[in-house]
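Reviewing the structure listed below.
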2 protein chains.
Amino acid sequence: MSRALNDAPHVSEAVRRKVKEAAAALDYHPNLAAQSLIARRSYLIGLTYERPSPSYVVELQNGALGRLENERYRLVVLPFNHVASRPEELGKLLLRAGLDGVLLAPPACDQPVLLDMIERQRLPYARITPHSDLDRGLVVAMDEVAAGHTVAAHMLSLGHRRVGIILGDPSHAASRGRLEGYRQAFDEAGVAIDDSLVGTGDFTYDVGYRVALELLDRPVRPTAILAQNDDMAVAAIAAARDLGLSVPQDLSVAGFDNSEVSRTAWPPLTTVHQPVREMAWDAANRLIAMLDGDADSDAPRRRDHLHELLVRASTAAPSSAE
Amino acid sequence: MSRALNDAPHVSEAVRRKVKEAAAALDYHPNLAAQSLIARRSYLIGLTYERPSPSYVVELQNGALGRLENERYRLVVLPFNHVASRPEELGKLLLRAGLDGVLLAPPACDQPVLLDMIERQRLPYARITPHSDLDRGLVVAMDEVAAGHTVAAHMLSLGHRRVGIILGDPSHAASRGRLEGYRQAFDEAGVAIDDSLVGTGDFTYDVGYRVALELLDRPVRPTAILAQNDDMAVAAIAAARDLGLSVPQDLSVAGFDNSEVSRTAWPPLTTVHQPVREMAWDAANRLIAMLDGDADSDAPRRRDHLHELLVRASTAAPSSAE
DNA sequence: GACAAAACGGTAAACGTTTACATAAATAGG
DNA sequence: CCTATTTATGTAAACGTTTACCGTTTTGTC
């Protein structure tokens, strides 16, 4: 009888014990499908991602699993690349997987088509570090402003004053947030941002390289470059090298994302690490809260986590000759 | 009507189309719990592992996912470390997760207690690279003999004749298999294994170091060492360095496993890579075959995959002075 | 055009739980 | 001791599918 197993009221202690003993003796396990059917819940949470970097995927997964541990929920992994690459395909897969909710990491979390499909079916979801539509659904992100502030403050504290900036794609919220953080740090240090030293990239290596060349070609060269992601930062290092400048002696460079390339680059890149595990934990946490109905309606739909600055060999104090 | 959606016979084309259109219009998705209930299947396959190495986990997962793609089955990840570390706990979790089958990677696949529990509940399972009880359940492994052969043949082909061997824990099947492979390669090359140059370790760094010191202390020093895993191989490198020998000039060293340390060691270690992805694919494949009932009863319960030799900087021809 | 056979469509039982409800038993109050 | 109240237990409906069964319609053959 289900009442005994589930510690429901209106059942005597004696019967409860007997039932439980019998269940243990037969090693009986309740049928989850039947429970799901009646509860109208599968107790399955999906996780989609596409990042090729193993460490990212594992961090993401472990974060979510950490929250799901000791819960009834189980984690189903649904990587994007294992499916046709069209968001509609992923959407169908998600909707057919019978999930109670889904965690969306980039790039799935930024597919409006996918979000439309999911919302249409009323499938609860949480987005991890989305780059656009930041007010849609439950969002867990990094505080880009704070991160930008930290990395800029690091450069300024080393003594750099002529600092070049390579922006990412202006349509990305991260790009604007990081720039805002730079601004705050410059303001606090009483240093003005030299607009002629601000170039606009698009997060790709190639464009980053071109912008870096332009910045380094100025009559008064910057002593440091803040790039809004690692790809553009390594492009800046390459550009510097091609101009006969060495990093960090002649030029300090900092990136963003703690990507694989930031570690393998030479010199290794000072960069900002996203607290992936923590964010995934939080995303799972808020999704569960939503599913279990004890969602604070006054809880913010978006939550920002703190970054971590990784100081590596690509930044140093400007040489006194400068 | 379910017959129309499921392309069952005895339903007219017209009705079928109409039903399908209506279903699409309402974007109806069949309730998986109800389907599971009647089919007595959850279409969930579990994956347990404990390896801290992200690349291993991702390879494992991607291999399994690669096979599950386009199947009804979904993959549920159940890492060991996220649970209490006792195998009984993991067993309970597995049995309660309502899985149709489970893929067991080390160390879970080597827990007799766990296997007992799983078998008792008739939960189908496949073991990936088990180290003991190799004839229990469905087993997907690396052909250790072939791998041992390859790495030994590599050493011999470089010209080494006095080759030291550091065995792993003799109770591990891998240890015996790899040694057998060494033997075959030596036989083929017409070189005798010098028993005085064979030491027994236990796969740990410390013991590996001690054994390596002993081997290198012989009056006639070996020019190469075959270690049965990477930890012991890097221990051998350390031992050589402590004796003033440089690798690979004075001593060539090869390991096994392509572990993290084999890449970060200096010099990077020549080692044998397990085809993890491929094995996970195969494990999922055979598990599915079993679940779907089209299991060849004459198919072997164990399958060996081919390794991959990674030649890196720790092996070279013996210096002519030797 | 009649008959057999095949194709089709409707109905209901079954899957294994939970839960609401009804009934029965125990307890308490008058 | 009887009634009112609480507490315990049994029963049946419900969850959303699939499938077996049965009756009806269509098709094909002579």
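Reminder, nothing fancy here: chain letters follow the sequence lines and each chain counts from 1. As a basis for the values below, the full set of heavy atoms in this structure was taken, side chains included, without hydrogen atoms, waters or symmetry mates. Because the structure is a prediction, the values reported are computed rather than measured.
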Nucleotide [N], atom [atom2] - distance to [atom1] of [X] in whole Å:
| X | N | atom1 | atom2 | result |
| --- | --- | --- | --- | --- |
| B/Tyr43 | C/dC15 | OH | C1' | 14 Å |
| A/Leu32 | C/dT17 | CG | C1' | 11 Å |
| A/Arg72 | C/dT18 | CZ | P | 8 Å |
| A/Arg41 | C/dG16 | CZ | P | 23 Å |
| B/Asn31 | C/dT17 | CG | P | 17 Å |
| A/Ile38 | C/dT17 | CD1 | P | 11 Å |
| A/Leu37 | C/dG16 | CG | P | 12 Å |

In plain terms, say whether B/Arg176 and B/Glu144 are close enough for a salt bridge, that is, a side-chain N and a carboxylate O under 4.0 Å apart.
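No salt bridge links B/Arg176 with B/Glu144.
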Five pairs at each end of the helix from C/dG1-D/dC30 to C/dG30-D/dC1: take the axis at both ends and give me the angle between them to 10°.
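Inter-axis angle at the ends, rounded: 40°.
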Looking at A/Gln35, does any N or O in its side chain come under 4.0 Å of the phosphate oxygens OP1/OP2 on C/dG16?
no
Do the side-chain N or O atoms of A/Arg40 get closer than 4.0 angstrom to the phosphate oxygens (OP1, OP2) of D/dG16?
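It does, given that an N or O in the side chain of A/Arg40 lies less than 4.0 Å from OP1 or OP2 of D/dG16.
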What residues, two or more places apart in sequence or in another chain, satisfy side chain to side chain contact (heavy atoms under 4.5 Å, CB included) together with A/Ala105?
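With neighbours one apart ignored, the set is A/Tyr49, A/Tyr56, A/Leu60.
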Residues which pass side chain to side chain contact (heavy atoms under 4.5 Å, CB included) with B/Ala147, listed by chain and number, not counting sequence neighbours:
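Expected list: B/Met142, B/Phe256, B/Val272, B/His307.
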Tabulate below the donor-acceptor pairs under 3.5 Å that side-chain atoms of residues 91-98 of chain A make, not counting sequence neighbours, or state none.
none

Which residues satisfy the salt bridge (Lys or Arg N to Asp or Glu O under 4.0 Å) test with B/Glu308, sequence neighbours excluded?
none
Please enumerate all residues that pass ring-ring contact (aromatic ring centres under 6.0 Å, His included) together with B/Tyr125, with sequence neighbours excluded.
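So B/Tyr125 forms no ring-ring contact (aromatic ring centres under 6.0 Å, His included) with any residue.
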Counting side-chain heavy atoms from CB outward, which of D/dC15, D/dT17, C/dT17 is closest to B/Ala34?
D/dT17
